[in-house]
Each structure stands twice: as structure tokens, then as C-alpha cells.
Q: 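Sending over a structure as C-alpha cells; questions will come in a sec.
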Amino acid sequence: MSKRKNPSDDNNLNSDFCDFLMELAEYEKNVSRNVHKYNAYRKAASVLATHSKRIESGDEAKKLSGIGDKISKKIDEFLQTGKLRKLENIHQDEDAQAINTLTRVTGVGPVKAAEFVRNGIKSIEDLRNNIDKLTHHQTIGVRYFEDFEKKIPRKEIQDIEGKLKNLIKNLDPEFTVTICGSYRRGKRESGDIDALVTHPSLKINEKKKKHEAKLMKSLVDALKGLVTDVISIGDTKFMYYCAILYFTGSDVFNKTMRAHALDKGFTLNEYALRPVGVTGVPGEPVQISSEEDVFDYIDYPYKTPEERNM
DNA sequence: CAGACTGCGCATCTCT
DNA sequence: AGAGATGCGC
DNA sequence: GTCTG
């Protein structure tokens with residue numbers, strides 16, 4: 001549920017560059033509605049963040065994958081003047097700033113934010129005064145706006161993990177619960193809590209739709225004591241180990257691993273690992289019975305969750 | 001120089 | 001009402 | 001915006 005990422009963390013020698021690149025990324029996504037530029041800027045910020053040397057010039061930066069002419073020039077401008085004219089202009093654009101603010105509410109994207117601003121709704125407070133114009137999702141986003149932007153301490157997640165497991169065990173002891181995400185990677189705090197729940201009867205394929213639906217419903221009902229609001233309810237079921245791998249991340253690690261899978265003639269997503277035929281058409285999913293299995297199949301050295309912080 | 005950049009489930013809107 | 005499209009989040 | 005074919 002976390003909307004913000006931060007390549008400008010710990011010992012990052014290029015954090016000032018990362019900051020303005022991330023700001024440009026947000027602008028492209030929220031205001032220009034160009035998610036590809038957004039990703040391009042984020043990739044550039046990410047590669048600079050993991051670079052072990054302080055970048056001294058645009059030319060030097062340009063050697064890195066993901067940084068081309070335009071960002072190279074921006075780095076030079078920032079090095080010379082300490083700021084970016086493009087960013088200064090954006091700061092002065094009140095509508096752009098308003099759109100950026102509104103998209104921080106979960107459920108409000110670039111299109112809805114622009115529409116709100118067009119209709120004079122330009123702040124979180126404005127949203128709170130127009131609850132009747134919000135979807136269920138957006139209402140929750142506004143109600144917990146401040147909370148959603150806070151990080152969750154590991155200790156707190158451990159508490160919730162305990163309560164969740166206890167609750168679910170009482171419902172049906174065969175349920176298993178795994179908290180994935182950055183928590184599983186050992187981080188001290190997380191932006192959200194990704195809980196993956198499975199039940200043996202869901203693994204026995206098909207012919208169980210009714211039972212499955214009943215289980216899901218009883219699960220959701222049981223969670224009512226712990227969960228205060230429900231944004232959406234689905235009945236999706238996926239291959240457990242691929243899901244646990246995917247939801248543990250990090251996203252950069254996932255991208256690396258998927259690329260490696262392709263090299264080895266497989267396609268990997270959150271549902272399954274499938275061989276890619278010569279025609280390029282994916283075949284039937286490979287039988288997986290552990291996370292390690294996935295690594296084995298694509299001949300990729302096993303990494304513990306803690307080693308997946310990339 | 002043109003096209004890719006993951007793509008899918010859910011909620012909600014729009015069309016018929 | 002039902003099919004399809006759109007916005008959104010991940 | 002950057003990379004690839």
C-alpha cells in the first residue's frame with residue numbers, strides 16, 4: 001500500500017540527484033500521465049543510488065545504464081547552479097502541485113486528480129469536504145491519509161503477524177500465513193504489510209469453487225476484527241511459491257530474476273514458472289514445491305529473503 | 001527511427 | 001441487465 | 001526518457 005519509494009536512503013553519495021529525479025518521475029506520472037518517463041526517471045535514480053562513487057559530471061553519469069542525454073544535461077545543470085529550471089517551473093505551477101498532492105491519496109490517480117483540480121478541488125482538505133464525490137477506495141484513502149504515509153516499525157508488524165496467525169488458526173488450523181515484502185527481507189520498518197494466506201484445499205486444483213469461495217468469505221469475515229476497512233475483495237488464487245517469491249521482492253530483484261528466467265527459456269510471474277517454446281508461446285506451468293525450486297529450474301543461485309534487498 | 005517499457009484483478013463507469 | 005472500457009494499484 | 005532492434 002506504500003505509494004512512495006526512496007532510492008535516496010542510507011549511504012547514497014548521489015542522493016541529491018536522486019531527489020530531483022524522483023520528483024521529475026512523480027511529475028511525469030501524475031501530471032504528464034506518462035508512466036514510461038516515470039519509470040525511466042526512477043530507473044536512473046535507482047542506478048545512481050547504488051553507484052558507489054559520487055558522480056562529478058553529466059558525462060560520467062551517462063556511462064550508467066538508464067541515463068542518457070537529457071538526464072546527463074540535467075546533472076550538469078544541477079552541478080553548476082544547484083537547481084533545475086524545469087523543476088523550478090513545476091514548483092510554480094499551482095495546478096501541477098495540486099494534482100501531485102491529490103494523487104498521494106490511494107484510489108486517486110492522474111486522471112481523477114486532474115478532474116478534481118479542474119473542478120476546484122485542490123487539497124486533501126477539499127477532498128474531505130467532498131466525501132460524496134469519492135469512491136469507497138478514495139474515501140478510505142482520505143480517512144487514513146496521514147497513516148498511509150507512515151512507515152510501520154518491524155515490532156508492530158510482528159504484533160499484527162501474531163494476531164493474524166492466531167485468528168486464522170482458530171478459523172482453520174490448516175491455513176498458513178506468511179508476511180512477505182520488505183518485512184520478510186528483514187527490514188527494520190516497512191511501508192505496508194503483505195500477508196500471503198493459503199489453505200491445502202486450495203492447492204487441490206479446481207472442482208472446489210464452492211468450497212473455495214466459502215473459505216475466502218469466512219476468512220474475510222474473521223479478519224473483520226483485525227481489519228478496519230476493506231478496499232476490495234477478490235477470489236484470486238495463484239500458485240503459492242511463485243506468489244511468495246513475487247511478493248517478497250524487492251521489485252528490482254524480481255526484475256533481475258525474471259530477466260534471468262527469460263535467458264534460461266522460462267517466463268516467470270506471480271502465478272507460475274512456464275517454459276517458453278520456440279514459437280514464443282509459454283507452455284504449461286512447471287510443478288513447483290518450494291521457493292528454491294524456482295531458483296533451481298532457472299539455474300539461479302538461491303538467495304535468502306534478506307539477500308533480495310536490491 | 002519506431003516501438004517497448006509486465007500485465008492483470010477489482011471497482012466503477014459507459015454503452016447498448 | 002450485461003458486455004466492454006477505463007482508472008487504479010501493484 | 002532511455003534502450004533496443
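Below, read A as the first sequence line, B as the second, and so on, with proteins coming before strands; counting in each chain starts at 1.
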Q: By nearest nucleotide on DNA chain B, pick out whichever of Thr135(A) and Asn34(A) is the more 5' one.
A: Asn34(A)
Q: I need the CD-P distance between Glu115(A) and dT12(B), as an integer number of Å.
A: 15 Å
Q: Contact class for Leu24(A) (heavy atom, under 4.0 Å): base, sugar-phosphate, or nothing?
A: nothing
Q: How many whole angstroms separate atom CZ of Arg33(A) from atom P of dG9(C)?
A: 13 Å
Q: Rounded to whole angstroms, how far apart are CZ on Arg258(A) and C1' on dC8(B)?
A: 13 Å
Q: Hey, which sits more toward the 5' end of DNA chain B by its nearest nucleotide, His36(A) or His136(A)?
A: His36(A)
Q: Step by step, would you call Glu161(A) with Tyr183(A) a side-chain contact (heavy atoms from CB on, under 4.5 Å)?
A: CA-CA 11 Å; Glu161(A) 180 179 27; Tyr183(A) 174 78; 2.6 Å; yes
Q: Does the distance from a Lys or Arg side-chain N to an Asp or Glu carboxylate O, for Lys255(A) and Asp251(A), drop under 4.0 Å?
A: no
Q: Looking for any heavy atom pair under 4.0 Å, which part of the strands does Lys255(A) touch: base, sugar-phosphate only, or nothing?
A: nothing
Q: Which nucleotide in the set dC5(B), dC8(C), dC10(B) lies at the smallest distance from any side-chain heavy atom of Ser232(A)?
A: dC10(B)
Q: With a 6.0 Å cut-off (strictly less than), is the heavy-atom count around NZ of Lys217(A), excluding the residue itself, greater than 12?
A: no
Q: Can a cation-pi geometry be assigned to Lys112(A) and Phe116(A), taking NZ or CZ under 6.0 Å from the six-membered ring centre and within 45° of the ring axis?
A: yes
Q: Nearest whole Å is fine: how far is dT12(B) C1' from Lys133(A) NZ?
A: 18 Å
Q: Counting side-chain heavy atoms from C-beta on, which of dG9(B), dG7(C), dA11(B) comes nearest to Val111(A)?
A: dG7(C)
Q: dC8(C) C1' sits how many Å from Leu134(A) CG, rounded?
A: 15 Å
Q: At 4.0 Å (heavy atoms only), tell me whether Asn269(A) reaches a base, stays on the sugar-phosphate, or touches nothing.
A: nothing
Q: Please list, in 5' to 3' order, the outermost nucleotides of DNA chain D lying under 4.0 Å from any heavy atom of chain A.
A: dG1(D) to dC3(D)
Q: Using the ring of each side chain (for Trp, its six-membered ring), is Phe78(A) parallel, tilted or perpendicular to Phe20(A), with breaks at 30° and 60°?
A: tilted
Q: Asn30(A) has an atom CG; how far is it from atom C1' of dC8(C), in whole Å?
A: 12 Å
Q: Using a 4.0 Å heavy-atom cut-off across all strands, classify Lys74(A) as base, sugar-phosphate, or nothing.
A: sugar-phosphate
Q: When we call it a touch if two heavy atoms are under 4.0 Å apart, what does Lys70(A) touch: a base, just sugar-phosphate, or nothing?
A: sugar-phosphate
Q: From CZ of Phe247(A) over to C1' of dC10(C), roughly how many Å is that when rounded to an integer?
A: 8 Å
Q: In whole angstrom, give the distance that lies between atom OH of Tyr246(A) and atom C1' of dG7(B).
A: 9 Å
Q: Taking dG9(C) as the reference, what is the distance to dT6(B) when you measure between their C1' atoms (whole Å, please)?
A: 13 Å
Q: Do the side chains of Arg308(A) and Glu291(A) get close enough for a salt bridge, i.e. N-O under 4.0 angstrom?
A: yes
Q: Look at atom CD of Glu284(A) and say whether more than 12 heavy atoms of other residues, nucleotides or ligands are closer to it than 6.0 Å.
A: no
Q: Would you check if the side chain of Glu60(A) reaches a backbone N or O of Glu56(A) as a donor-acceptor pair within less than 3.5 Å?
A: yes
